[in-house]
> 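Attaching a single structure in structure tokens format; questions to follow.
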2 protein chains.
Amino acid sequence: MERLSLYLRELERAGPDAASTVSSRQLGLAAGATDAQVRKDLGFVGVVGRSGVGYARDRAVEAIRRAIGMHRPWRAVLVGAGNIGRALAAYGRFREEGFVIVAIIDRAPSILGRQVAGIEVRPMDQLARAVRSEGVDIGIIAVPGEEAQGVADALVAAGVRGVLNFAPTRLDVDGRVPVVEVDFRAALERLAAEVSQRDGDRRAAATRPTGSASPAVPARRPPRRRPG
Amino acid sequence: MERLSLYLRELERAGPDAASTVSSRQLGLAAGATDAQVRKDLGFVGVVGRSGVGYARDRAVEAIRRAIGMHRPWRAVLVGAGNIGRALAAYGRFREEGFVIVAIIDRAPSILGRQVAGIEVRPMDQLARAVRSEGVDIGIIAVPGEEAQGVADALVAAGVRGVLNFAPTRLDVDGRVPVVEVDFRAALERLAAEVSQRDGDRRAAATRPTGSASPAVPARRPPRRRPG
DNA sequence: CGGTGTGAATCTGTTCACAGCC
DNA sequence: GGCTGTGAACAGATTCACACCG
């Protein structure tokens, strides 16, 4: 379940000042889910709440962490120290959240040996060695689309157990390891689609060639009031 | 449908050298869907194929483009010229794909007036003006989480019609415009979850405190052979 | 009451299977 | 034979509704 991630964020955000207990309603409101959903999800990961009171915040946090495998830090190798790669490396928040970049690999000779976010950039042919010596769990791909598949193959061969892919390419790892894609283009297109069907494209339009029967769109999530 | 994006990518990738016709099977294979799915999806956006032959590639491309609103370019304002913001601005591919960043806004005095990807960075208080004068359609949020909600409010007030959010914060725009979240943390956690349940966490584990009943996991997508 | 836990009803999306076309 | 279009079966997830607890 991927709402768990959201619950976790909400539960953690509140900090120590908040009540030590949450109701499914509150949590759902904050995370964009219904109370029933929250109860089901929380039940699923094994948290039990107390009737009339709610769920103990820290119990919930721990259970979710464990359920999604975030109870111990993950060690990652970043392949690609270009724009996205450097942005990721610099994004310090990861460390707090249980992800540590322990090695950085890049192909470009110009950057080799330099440091990015305090880590020395190593050449491609040291990937396997790095994975082994640094105890890397997952590989992060931040290279141009054309190179992504090759990097993925190398990562899998080197023994990573999961791949996070920022390149705009569908990777084929033949089911050997899980792959999660973070696709900016797809995100933009999703947005474009939602926007243009929501208001029938009244955007700087010239002509509407085809009267394409775009299906009526029901507002997805019911509008949600700000917590405050 | 968000598979449409993928189909589009595949259809375009092939280039002019490829056959001008595709079967649902081919497309599905490349995009990670079943043939039936492809047929349903394509039918949904109004493409008709010819029996025994397949779908005309360019017809399909155009229909999908139209369906997801990508038949004309989108103009975006980027708020936040930090790491992620600059990476996005530098990611030239966007332009080819129908997204143009026409303005960049940042709060930090140190960067104001400087150019990022050939665009002058303007201060926050010029956001509304920029949106209007540049004919901005959507806003891209690439600021730290704490500032994201404020920026979102400003964007909506300024009249953007959609928001793409890279900050790790659930935005509340009260249903006024569509919001698409690109959440690195969530992506990493999804990966962590998949990895750890796939192989029962044999990762550098110390102890397994609780024998938490993690549900059996069926391999999600059936393994898919490389197109070549 | 406010809130949990959970079966039953419902909805949404996916797969199957097959008639029909080229 | 290869492939589309589509109704029907299916599966999964979401919501409902309600018994029960403090």
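Chain letters run A, B, ... following the sequence lines, proteins first, then strands; residues in each count from 1.
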> Give a yes/no on whether any side-chain N or O of S51(A) is located under 4.0 angstrom from OP1 or OP2 of dG22(D).
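For dG22(D), OP1/OP2 do not have a side-chain N/O of S51(A) under 4.0 Å.
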
> Decide if atom CZ of R57(B) counts as having more than 12 heavy atoms of other residues, nucleotides or ligands within a radius under 6.0 Å.
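Above 12, so yes.
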
> Measure from CZ on R25(A) to C1' on dT15(D) and round the result to the nearest Å.
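That distance rounds to 14 Å.
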
> With respect to the phosphate group of dT4(D), does any side-chain polar atom (N or O) of R39(B) fall under 4.0 Å of OP1 or OP2?
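True: R39(B) side-chain N/O within range (under 4.0 Å) of dT4(D) OP1/OP2.
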
> Mapping A36(B) and Q26(B) to their closest nucleotides on DNA chain D, which lands nearer the 5' end?
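Final value for this comparison: Q26(B).
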
> Could you check whether R3(A) pairs with E189(B) (Lys NZ or Arg NE/NH1/NH2 to Asp/Glu carboxylate O, under 4.0 Å)?
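No, R3(A) and E189(B) are not salt-bridged.
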
> Quick one: is dT15(D) close enough that its OP1 or OP2 comes under 4.0 Å of any side-chain N or O from Q37(A)?
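Yes, such a contact exists.
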
> Is there a side-chain contact between T34(A) and the phosphate of dT15(D), meaning an N or O under 4.0 Å from OP1 or OP2?
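Yes, within the criterion.
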
> Carefully, step by step, assess L188(A) and L164(B) under the rule side-chain contact (heavy atoms from CB on, under 4.5 Å).
CA-CA 7 Å; L188(A) 273 164; L164(B) 184 64; 3.6 Å; yes

> Atom CZ of residue position R13(A) - does it have more than 12 heavy atoms of other residues, nucleotides or ligands inside 6.0 Å?
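Atom CZ in R13(A) is packed in, count exceeds 12.
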
> Would you say a side-chain N or O of Y55(B) is under 4.0 Å from OP1 or OP2 of dG5(D)?
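So the side-chain polar atoms of Y55(B) do come within 4.0 Å of the phosphate oxygens OP1 or OP2 of dG5(D), strictly under.
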
> Taking atom types as they are modelled, would you say the side chain of K40(B) forms a donor-acceptor pair with the base of dT15(C) within the 3.5 Å cutoff?
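A donor-acceptor contact between them is present.
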
